[in-house]
Amino acid sequence: MTLLPLGVLLLAAISPVFSEAAANNTFRPGEELRKYRRIRAHVKRLNKPPVKTIQSPDGDLIDCVLSHLQPAFDHPRLKGLKPLDPPERPRGHNPAGTTTDDSFQLWRTSGESCPDGTVAIKRTKEEDILRASSVKRFGRKPAVRTRHDSESSGHEHAVGYVVGDQYYGAKASLNVWAPKVSSPDEFSLSQIWLISGTFGTDLNTIEAGWQVSPQLYGDTSPRFFTYWTSDAYQATGCYNLLCSGFIQTNNMIAIGAAISPVSAYSGGQYDLSLLVWKDPDHGNWWLELGTGVLLGYWPSFLFTHLSEHASMVQFGGEIVNTQPLGLHTSTEMGSGHYAGEGFGKASYFRSLQVVDWDNSLIPVPNLRVLADHPNCYDIHGGINRVWGNYFYYGGPGRSHRCS
């Protein structure tokens, strides 16, 4: 038996990394080996030692990690600390009537869960990082230097929003779909944004909702996600728990894991109810799901402007349009159907509320709606006694109306 040098063994182990480079005559073994080592080191930093691992039917591995060992506590200002106790909920908060509970994810269908004292974390695999443009950009949105309604960024929106006041939280229910995403470099999401700062280099956001992102997750399943940034998506922040930031306190939900079931056209509709609010005592931003299920919080020190309050709240959908072959993408937003088709066919946000200066939930005042490409994705708002403020939104992308 002939022993191979360590370098050759490593190169053989990562041969898939080289295939494209070799085809383009850019094969550089030393450089690729360094990249592979960076990926291995990054995976090791993100994946903490579990006390238990649960296999999801879709192939995801959910690690049960001791709560004080989760990635957030790698942050210099959090080292040695433990998660805080839950804060007081906003006044007027009534989780009754919401449909989301802590078993809305695919990995929970086996009946297994993580033990007390741990948090459920979706394991990062090496192939996840290989799909990113670089190790540094893994788990991050592209930097955005333009407004959400700009046509130059490749990001297109259909949103309801409020602006012009000080906001200390937001709440809404949104139905979950599995929109078609036509390119691995594109995504389709529906979420709540809490925003402060300017749309330049100091934009602060907190975001939560569901998304289909083949590049980030390697499939086309809708997944529950969070995001944050304090510098317009440049160097700070990330999705889910892919950097030190969001502190998870829940052992029944894995951020980034697939949602099941999802809504069906002319069939059952499945809601996700989200509440984000600022704890008046400590200033941290907490995230709650559905029937009072607390997920965790973003420490206030992560932010500049959002350390005080939000100056805008947005609800709605966003897609990325890479203009394949010079045409508008056929990536769908929401259900893939226009707002005018209504309940059971179009995507919706309902029961829209914000948290005011007095830590009270109130109906959104003066909701505005905006679709920056209405021939491709549109939005129609309304108000009634059952849903309060609501809107339908979405669309198919490229079609006879959208080219």
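Keep in mind the model is a prediction, meaning the values are calculated, not measured.
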If I compare all heavy atoms of N175 with all of S347, which pair ends up nearest, and what's the gap? OD1-CA, 3.5 Å
H42 and E126: CA distance, side-chain angles, deciding distance, side chain to side chain donor-acceptor pair (under 3.5 Å) verdict: CA-CA 9 Å; H42 197 57; E126 291 170 19; over 6 Å; no
One thing to verify: whether E308 and K278 come together as a salt bridge, which I'm taking to mean a side-chain N less than 4.0 angstrom from a carboxylate O. no
How far does NE2 of H68 sit from CG of L81, to the nearest 0.5 angstrom? 11.5 Å
For the ring pair H328 and Y377, is the centre-to-centre distance below 6.0 Å? yes
If the test is side chain to side chain contact (heavy atoms under 4.5 Å, CB included), which one of N284, I247, T249 qualifies with L84? N284
Non-hydrogen atoms of W107 and N251 that approach each other most closely: CH2-O, 4.1 Å
Does atom NZ of K136 have more than 12 heavy-atom neighbours from other groups under 6.0 Å away? no
Between T205 and E207 (side chain of the first, backbone of the second, donor and acceptor by atom type, cut-off under 3.5 Å), is there such a pair? no
Whether R401 engages the ring of Y338 as a cation-pi pair (distance to the six-membered ring centre under 6.0 angstrom, angle to the ring normal within 45°) should be assessed. yes
D58 vs R223, test: salt bridge (Lys or Arg N to Asp or Glu O under 4.0 Å). Steps then yes/no. CA-CA 12 Å; D58 60 358; R223 292 169 176 269; 3.6 Å; yes
Between A170 and I192, the two heavy atoms sitting closest are CB-CG2, 4.0 Å
Test side chain to side chain donor-acceptor pair (under 3.5 Å) applied to Q248 and Y297, step by step: CA-CA 7 Å; Q248 187 167 327; Y297 59 95; over 6 Å; no
Within the structure provided, determine whether F391 and H380 are in side-chain contact (heavy-atom separation under 4.5 Å). no
Approximate separation, where rounding is to 0.5 Å, of S56 OG and R108 CZ: 11.5 Å
Do we get R140 above Y233's six-membered ring, with its NZ or CZ under 6.0 Å from the centre and within 45° of the axis? no
Please identify which of these residues, T118, T53, N47, T124, meets the side chain to side chain donor-acceptor pair (under 3.5 Å) condition with D63. T53
How about F224 and F104: do any of their side-chain heavy atoms sit closer than 4.5 Å? yes
Using every non-hydrogen atom in the two residues, find where P50 and V65 come nearest and quote the distance to one decimal. CA-CG2, 4.4 Å
Would you check if there is a donor-acceptor pair between the side chains of Q353 and H93 at a distance under 3.5 Å? no
Compute whether any side-chain donor of one residue and acceptor of the other, for N204 and S230, lie under 3.5 angstrom apart. no
Could you tell me whether a side-chain N or O of N240 sits under 3.5 Å from a main-chain N or O of F225, the two making a donor and an acceptor? no
Rounded to the nearest 0.5 Å, what separates atom CD in Q314 from atom CH2 in W193? 5.5 Å
Tell me, with the steps shown, if Q211 and Y217 meet side chain to side chain donor-acceptor pair (under 3.5 Å). CA-CA 10 Å; Q211 69 177 161; Y217 303 109; 2.7 Å; yes
Are the side chains of P90 and L275 in touch, meaning some heavy atoms are under 4.5 Å apart? yes
Using only atom types and a distance under 3.5 Å, with no angle test, would you say the side chain of D202 pairs donor to acceptor with the backbone of T198? yes
Under the 3.5 angstrom rule, does the side chain of E332 hit a backbone N or O of K180 as a donor-acceptor pair? yes
Side chains of W298 and L287 in contact at under 4.5 Å (non-hydrogen atoms): yes
Is it true that, when you exclude N384 itself, more than 12 heavy atoms of the residues, nucleotides or ligands shown sit nearer than 6.0 Å to its CG? yes
With no hydrogens and no angle check, do the side chains of T331 and N321 hold a donor and an acceptor under 3.5 Å apart? no
Do P83 and F73 have side-chain heavy atoms sitting under 4.5 Å apart? yes
Donor-acceptor under 3.5 Å (S351 side chain, A172 main chain): no
Polar side chain donor-acceptor pair, Y265 to E341, under 3.5 angstrom: yes
Main-chain N/O of W177 paired with S263 side-chain donor or acceptor, under 3.5 Å: no
Side chains of Y348 and D271: do they bring a donor and an acceptor to under 3.5 Å? yes
Do Y393 and V159 make a side-chain contact, defined as non-hydrogen atoms from C-beta onward lying under 4.5 Å apart? no
Closest approach of I253 to V293 (non-hydrogen atoms, all atoms of both residues): CD1-CG1, 3.7 Å
Donor on one side chain, acceptor on other, E186 and T329, under 3.5 Å: yes
Would you say S134's side chain and R137's backbone share a donor-acceptor pair under 3.5 angstrom? yes
Got a second to check how far L189's CG is from S213's OG, nearest 0.5 Å? 8.5 Å
Drop me the distance from T226's OG1 to I255's CD1, to the nearest 0.5 angstrom. 4.5 Å
With side chain to side chain contact (heavy atoms under 4.5 Å, CB included) as the test, would you mind laying out the steps for K171 and L361 before giving the verdict? CA-CA 8 Å; K171 184 182 180 185; L361 271 166; 4.0 Å; yes
Any W387 side-chain heavy atom under 4.5 Å of F349 side chain: no
Pair R45-D74, salt bridge (Lys or Arg N to Asp or Glu O under 4.0 Å): steps then yes or no: CA-CA 9 Å; R45 277 196 300 273; D74 291 340; over 6 Å; no
Donor-acceptor pair, N250 side chain versus L294 backbone, under 3.5 Å? yes
Step through the shown structure and confirm whether more than 12 heavy atoms of other residues, nucleotides or ligands are within 6.0 Å of NZ on K125. yes
Between S260 and Q105, does the side chain to side chain donor-acceptor pair (under 3.5 Å) criterion hold? Intermediate values first, please. CA-CA 5 Å; S260 179; Q105 292 185 310; over 6 Å; no
Could you tell me whether the side chain of F187 reaches within less than 4.5 Å of the side chain of H155, counting heavy atoms only? yes
Can you list the steps and then say if L242 with L46 is a side chain to side chain contact (heavy atoms under 4.5 Å, CB included)? CA-CA 7 Å; L242 296 177; L46 289 175; 4.1 Å; yes
Residues K52, E112: salt bridge by 4.0 Å N-O rule: yes
Interatomic distance, H309 atom NE2 to W285 atom CH2 [nearest 0.5 angstrom]: 9.0 Å
Any donor-acceptor pair under 3.5 Å linking the side chain of D356 with the backbone of S360? yes
Verify the neighbour count for atom CG of N366: are there more than 12 heavy atoms of other residues, nucleotides or ligands below 6.0 Å? no
Of all heavy-atom pairs linking G200 and A232, the shortest is O-CB, 2.9 Å
Does the separation of the ring centres of F303 and W228 fall below 6.0 angstrom? yes
